[in-house]
**Student:** 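Here it is, the structure, as structure tokens.
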Amino acid sequence: MPMQEKYEPQAIEKKWQDRWESRGTFRLGRSGPKGKKYVLEMLPYPSGKMHMGHVRNYLLGDVYARYFRMQGFDVVHPMGWDAFGLPAENAAIKDGVHPATRTQENIASFKAELKTLGYSYDWDLEVNTSDPSYYRWNQWFFLKMLEKGLVYRRFSRVNWCTGCLTVIANEQVKDGTCERCESKVVDKEMPEWAFRITRYSQVLLDALDGLKEWPDRIIAAQRNWIGRSEGVEADFAIEGSTETIRVFTTRVDTIFGCTYVVLAPDHRVVRAITTKEQKAAVEAFVAKMAAKSKTERTEEGAEKEGVFTGAYAVNPFNGEKVPVWVANFVLSDYGTGAVMSVPAHDARDYDFAKKYGLPVKTVVLPAGARAGAAGGTHARAGAAGGTEARAGANESGAYTEDGVLVESGPYSGKTSAEARKAMGAWLEQQKKGAPTVTWRQKDWGFSRQRYWGTPIPIVYCEKCDPERKGLPVPYEQLPVRLPDIEVEKVLTGKGEPPLAKVASWVNTTCPRCGGPARREAETMDTFVDSCWYYARYLSPKFEKAPFDPELGKKYLPVDIYVGGPEHATMHLLYFRFWTRVMKELGLSPVDEPVVRLITQGIVNGPDGRKMSKRWGNVVAPSSIVQKYGADTARGYVLFAGPPERDFDWNDKAMEGVFRFLHRVWTLAATHEAACAGATYSGAYEGKALEIRRHAHKALKRVTEAIERLSFNTAIAGIMEFVNALYAVKEVSGAAEQAAMGEAIRILARVLVTFTPHFANEVAEAYGATEPLEESSWPAFDPALVVDDVIPYAVQVLGKLRAEIMVPLAATEAEVRAAAEADPKVQLALGGKPVKKFVFVPKRLVNFVV
RNA sequence: GGGCAGGUGGCGUAACUGGCAGCCGCGCCAGACUUAGGAUCUGGUUCCGAGAGGAGUGAGGGUUCGAGUCCCUCCCUGCCCACCA
């Protein structure tokens, strides 16, 4: 079938999409002599329209899925919908459309758009997290984890909007007020459900070392986020009181320099130890802090503020009495909520001391500094005459490095590291503290006062459960379905959680006594949904468990996972945690969900700013597909730069890719009549051999580039190949025609992962009878990728002086002789004796004179 | 403050393990074909220099026959985290 003269993407893309679908080209289990590959992209929240970030994300996975399939792997490549979540619910509050309705519509249009880009998904594996057949397993996991003690109910401090009367996320708090209604936001203690993810902190941290194919930045972010910190806890007695203050510090070696102690405003003992004289001031301060939200209080640049309690704490090491303060910068939920302050050796303590005129006492000197030169000076920070010489102090005024101790009783002269060890042991022996480990990571609070999410399968019965701990819904009653609702009445954005307003749903019977009971009206965080969807894809309709364990054994873990780096510490940590739990439940065969993680960069607008309606710089994938076709969109997004890096959209550069496809089309159409069916069985030489060499070199280059995730250079290689074929101009005779036919068939093959519709159309004109995706990835002929005569660079004293052509098989001596014969080289050598001759096979030689 | 990524032509980028810096594309310049070109094809395009030649990968040092690549000291940009004791 002769090709059309002109490349018209609109005429061919639908054809191939339909053909793949009707033939089931991308269905799981089609082939797999080499085993399996699971290629996964982070599932999208189905907003109505795709943006370029989606296109790029799915493309990176798609190239691998297609490549591995042709390499002979049984490829899992699914797509689904993270369908619960805030946007649909907020939209409903605004316009009254039921979230389920809107979500269905959005999924339909998003899916239709995905299909226009030619992604190779197996749609039989599609998953929708808002479907009861999916979220029932969230509930099942919840109950299992409740049994294991991994789910618990706690009181927690949340951002409470005084206008909307609901909990809002940190992101919704702007300058201490609600983003939506501009009312004041305060902290409120509220009950919430939490996962005990901290039980896995150590395991999740240790296993990071095994994630060799994850980007460093993600590993670093997780390590940071988990925040393991080794230190000691030490008890400071309160003078004239039975209370003690336990502090946590990583720098116990500086404890002889402690000149005051600071408590968080909501620390347990504040009230008890405050003296009469200071009572009014402390209470005013604590009230002021409580009125602020957590984000506001700890906002960047927030001035350090504090107030003296009037109490004195006793340093366990030297019995020194130091004042106890309350200050805004101490966090109640990290460490013990109390810190010992050592202004000489901590920048923050120094700032605070300076502001309030507290003493600074140096007890650590840089190693090598002479002891006695500076130590032990008591001085009021910032006060006139405070001329203490704090050797090594940084700009902020504190010397924060390790060093050698001075003025530290029996520990003087020890290094910081030695002192930490000895002092920790002493504390333990004296029962005044102990070495300990503190974590930044907190448990994961997952209950939300929202409608559009997974109902938490708990009921409250006053008779059986007077303490309101919650009774689990029996497994056989799952799923607890979301009730249908009258949108205007229930989704008001105000008051109680929406589900609490649905009397017919919230009122139920107690599973234990059969009496009246109420359902938990809160729903689960949508991050729960994305914790295990990758396993559900394997058997989306399985009814006996979250997924079929047999298929889990066969296809897990995910081999390649593609998504945005913004998920570094939330989703990517949560689903690692969940995977551990699934293994303990006997479901999952793996400890870690993903072998190789790829985080794609952002596609910015042409102006270099993030694409946004606000800037009017959004490039809609649909408009590009319509005008240039999916293949151009795909080709350009891959060609624009390496996957991890951000890039700015550039219309001109994209048109360059469009032009390139036209060029290929013209080339193929030009040679079609003479070359598509040409055969030749003799030896190739001359121009025909050159054509074959170009083809096999391109094949090698593209194959290797795909393997190392360098799609942009793969495409550059293909462009070079096409330029070379253009340079051939005329082909005549059976050998050249057969060589050209082969070259164009190879060209189609190397293009197919990037521009699949286009490649298939060309291949079909050149005799392919089935989609290329159903054929195998071609192997290059090793004999054709090396030349007989190769160039050598000739350097004299490291400077390039000439380039010589030498037979591939030439020995070192032969190459040297050829180099020395070159007149430019002779001139550079100038008859001087050669001290050394460097020979790098197949690359260069260097004369050292 | 911490972490990570990056700094190479006018621009996006390339250079796999130390071995000819700038592949490919965009833009620009010239030519061909054209009534015409914002189509297409061909050639050129790091800088200085007419030329031979010289300089050149953020700055400065070092290792090496040889450094964009390795080591040390800095500077700048972007992203993420952050009063974490």
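Chain letters run A, B, ... following the sequence lines, proteins first and then strands; every chain starts at 1.
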**Student:** From the options A/Val603, A/Ile602, A/Asn604, select the one residue that forms a side chain to side chain contact (heavy atoms under 4.5 Å, CB included) with A/Phe647.
**Tutor:** A/Val603
**Student:** Tell me: CD of A/Glu401 to C1' of B/rG1, nearest whole Å?
**Tutor:** 13 Å
**Student:** Below 4.0 angstrom from OP1 or OP2 of B/rC16, is there any side-chain N or O of A/Arg701?
**Tutor:** no
**Student:** If you check the A/Asn723 side chain, which of B/rA14, B/rU42, B/rC24 turns out closest?
**Tutor:** B/rC24
**Student:** Using a 4.0 Å heavy-atom cut-off, does A/Phe639 contact any base of the nucleic acid, only the sugar-phosphate backbone, or nothing at all?
**Tutor:** base
**Student:** Using whole Å, what does the distance between atom C1' of nucleotide B/rC24 and atom CD1 of A/Ile715 come to?
**Tutor:** 10 Å
**Student:** With sugar-phosphate meaning primed atoms plus P, OP1 and OP2, does A/Val339 contact a base, only sugar-phosphate, or nothing at under 4.0 Å between heavy atoms?
**Tutor:** base
**Student:** Show me the dot-bracket string of RNA chain B, counting Watson-Crick or G-U pairs under 3.5 Å, with | for pairs to another strand and [ ] for crossing ones.
**Tutor:** (((((((..(((......[....)))((((((.......))))))(((....)))..(((((..]....))))))))))))....
**Student:** P atom, B/rC75 versus B/rG60: distance in rounded Å?
**Tutor:** 15 Å
**Student:** Angle between ring planes, A/Phe837 versus A/Phe839, binned at 30° and 60°: parallel, tilted or perpendicular?
**Tutor:** parallel
**Student:** Let's see if you can work this out: which of B/rC81, B/rC20, B/rA85 has an atom nearest to the side-chain heavy atoms of A/Arg440?
**Tutor:** B/rC81
**Student:** Looking only at the side chain of A/Lys652 (C-beta and beyond, no hydrogens), which of the listed nucleotides B/rC20, B/rG27, B/rG25 gets closest?
**Tutor:** B/rG27
**Student:** Between A/Arg708 and A/Glu704, is the closest basic N to carboxylate O distance under 4.0 Å?
**Tutor:** no
**Student:** Exactly one of A/Leu59, A/Ile598, A/Thr753 should register a side chain to side chain contact (heavy atoms under 4.5 Å, CB included) with A/Tyr64. Which one does?
**Tutor:** A/Ile598
**Student:** Between A/Asp651 (CG) and B/rG12 (C1'), how many Å, whole number?
**Tutor:** 14 Å
**Student:** Which part of the nucleic acid does A/Trp225 contact within heavy-atom distance under 4.0 Å: base, sugar-phosphate only, or nothing?
**Tutor:** sugar-phosphate
**Student:** The side chain of A/Phe248 lies closest to which of these nucleotides: B/rA14, B/rC65, B/rA85?
**Tutor:** B/rA85
**Student:** Classify A/Glu655 by what it touches in the nucleic acid, base, sugar-phosphate, or nothing, heavy-atom distance under 4.0 Å.
**Tutor:** nothing
**Student:** Check this for me, if you would: do A/Arg223 and A/Asp209 make a salt bridge, where the nitrogen-to-carboxylate-oxygen distance has to be below 4.0 angstrom?
**Tutor:** yes
**Student:** How would you label the contact of A/Glu720 with the nucleic acid (heavy atoms, under 4.0 Å): base, sugar-phosphate, or nothing?
**Tutor:** sugar-phosphate
**Student:** Please work out which of the three classes, parallel, tilted or perpendicular, describes the rings of A/Trp649 and A/Tyr636, given edges at 30° and 60°.
**Tutor:** perpendicular
**Student:** Please examine the side chains of A/Tyr7 and A/Val664, heavy atoms only from C-beta on, and report whether any two atoms are closer than 4.5 Å.
**Tutor:** no
**Student:** Using a heavy-atom cut-off of under 4.0 Å over every strand shown, decide if A/Tyr334 touches base, sugar-phosphate, or nothing.
**Tutor:** base
**Student:** Look at all strands and tell whether A/Pro642 reaches a base, only sugar-phosphate, or nothing, counting heavy atoms closer than 4.0 Å.
**Tutor:** sugar-phosphate
**Student:** Could you check whether A/Lys836 gets within reach of a base, just the sugar-phosphate, or nothing at all, counting any heavy atom under 4.0 Å?
**Tutor:** base
**Student:** Strictly below 4.0 Å, N to O, side chains only: are A/Lys610 and A/Asp646 in salt-bridge contact?
**Tutor:** no
**Student:** Which one, B/rC83, B/rC65, B/rC20, comes nearest to the side chain of A/Arg348?
**Tutor:** B/rC83
**Student:** Below 3.5 Å between N/O atoms, which protein atoms pair up with nucleotides 2-10 of chain B? Just atom names and distances, please.
**Tutor:**
none

**Student:** On RNA chain B, check which nucleotide each of A/Leu800 and A/Asn650 is closest to and give me the residue with the more 5' one.
**Tutor:** A/Leu800
**Student:** State which residues pass side-chain contact (heavy atoms from CB on, under 4.5 Å) with A/Arg251; sequence neighbours excluded, sorted by chain then number.
**Tutor:** A/Thr249, A/Asp253, A/Thr254, A/Val364, A/Asp402, A/Ser416, A/Arg420
**Student:** Quick one: ring pair (Phe, Tyr, Trp, His ring centres under 6.0 Å) partners of A/Tyr67, sequence neighbours excluded?
**Tutor:** A/Trp777
**Student:** Please produce a list of atom pairs where a protein N or O lies less than 3.5 Å from an N or O of nucleotides 48-52 of chain B.
**Tutor:**
none

**Student:** Using heavy atoms to find the nearest nucleotide of RNA chain B for A/Tyr792 and A/Lys442 separately, return the residue whose nucleotide is more 5′.
**Tutor:** A/Tyr792
**Student:** Using the P atom as the reference point in each nucleotide, state the distance between B/rG7 and B/rA59 in Å, no decimals.
**Tutor:** 13 Å
**Student:** Could you tell me the separation between the CE atom of A/Met805 and the C1' atom of B/rC20, rounded to a whole number of Å?
**Tutor:** 13 Å
**Student:** Looking only at atom P, what distance separates B/rC16 and B/rU69, rounded to whole Å?
**Tutor:** 12 Å
**Student:** Given B/rG54, B/rC26, B/rC84, which nucleotide is nearest the side-chain atoms of A/Arg801?
**Tutor:** B/rG54
**Student:** Side chain of A/Arg659: nearest nucleotide among B/rC20, B/rG27, B/rA85?
**Tutor:** B/rG27
**Student:** Quote, to the nearest angstrom, the P distance that separates B/rU57 from B/rU8.
**Tutor:** 11 Å
**Student:** A/Phe658 vs A/Tyr628 aromatic rings, parallel, tilted or perpendicular, using cut-offs 30° and 60°?
**Tutor:** perpendicular
**Student:** Have a look at A/Arg663 and say if it touches a base, only the backbone sugar-phosphate, or nothing, with a 4.0 Å heavy-atom cut-off.
**Tutor:** sugar-phosphate
**Student:** By the 4.0 Å heavy-atom rule, please label A/Asn712 as base, sugar-phosphate, or nothing.
**Tutor:** sugar-phosphate
**Student:** For A/Tyr726 and B/rG43, what is the distance between atoms OH and C1' respectively, to the nearest whole Å?
**Tutor:** 17 Å
**Student:** Between B/rU45 and B/rG22, how far apart are the C1' atoms? Round to whole Å, please.
**Tutor:** 12 Å
**Student:** Who pairs with A/Trp214 by ring pair (Phe, Tyr, Trp, His ring centres under 6.0 Å), at least two apart in sequence or on another chain?
**Tutor:** none
**Student:** Using the six-membered ring wherever Trp is involved, compare the ring planes of A/Phe329 and A/Phe352 and label them parallel, tilted or perpendicular (cut-offs 30° and 60°).
**Tutor:** perpendicular
**Student:** P atom, B/rG68 versus B/rC4: distance in rounded Å?
**Tutor:** 25 Å
**Student:** Does A/Glu803 offer a backbone N or O that forms a donor-acceptor pair with the side chain of A/Tyr792 under 3.5 Å?
**Tutor:** no
**Student:** Using atom P in both nucleotides, what's the gap between B/rA85 and B/rG9 to the nearest angstrom?
**Tutor:** 41 Å
**Student:** Between A/Asp351 (CG) and B/rA85 (P), how many Å, whole number?
**Tutor:** 16 Å
**Student:** Any salt bridge linking A/Asp607 with A/Arg609? Criterion: basic side-chain nitrogen under 4.0 Å from a carboxylate oxygen.
**Tutor:** yes
**Student:** When we call it a touch if two heavy atoms are under 4.0 Å apart, what does A/Gly227 touch: a base, just sugar-phosphate, or nothing?
**Tutor:** nothing
**Student:** Sticking with atom P, work out how far B/rG6 lies from B/rA14, rounded to a whole angstrom.
**Tutor:** 10 Å
**Student:** In plain terms, say whether A/Glu690 and A/Arg693 are close enough for a salt bridge, that is, a side-chain N and a carboxylate O under 4.0 Å apart.
**Tutor:** yes
**Student:** Need the glycosidic conformation of B/rG49: syn if within 90° of 0, anti if not. Which one?
**Tutor:** anti
**Student:** Under 4.0 angstrom, heavy atoms only, what part of the nucleic acid is A/Val794 near: base, sugar-phosphate, or nothing?
**Tutor:** nothing
**Student:** CZ of A/Phe647 versus C1' of B/rG25: gap in Å, rounded?
**Tutor:** 13 Å
**Student:** With a non-hydrogen cut-off below 4.0 angstrom, is A/Lys799 in contact with a base, only sugar-phosphate, or nothing?
**Tutor:** sugar-phosphate
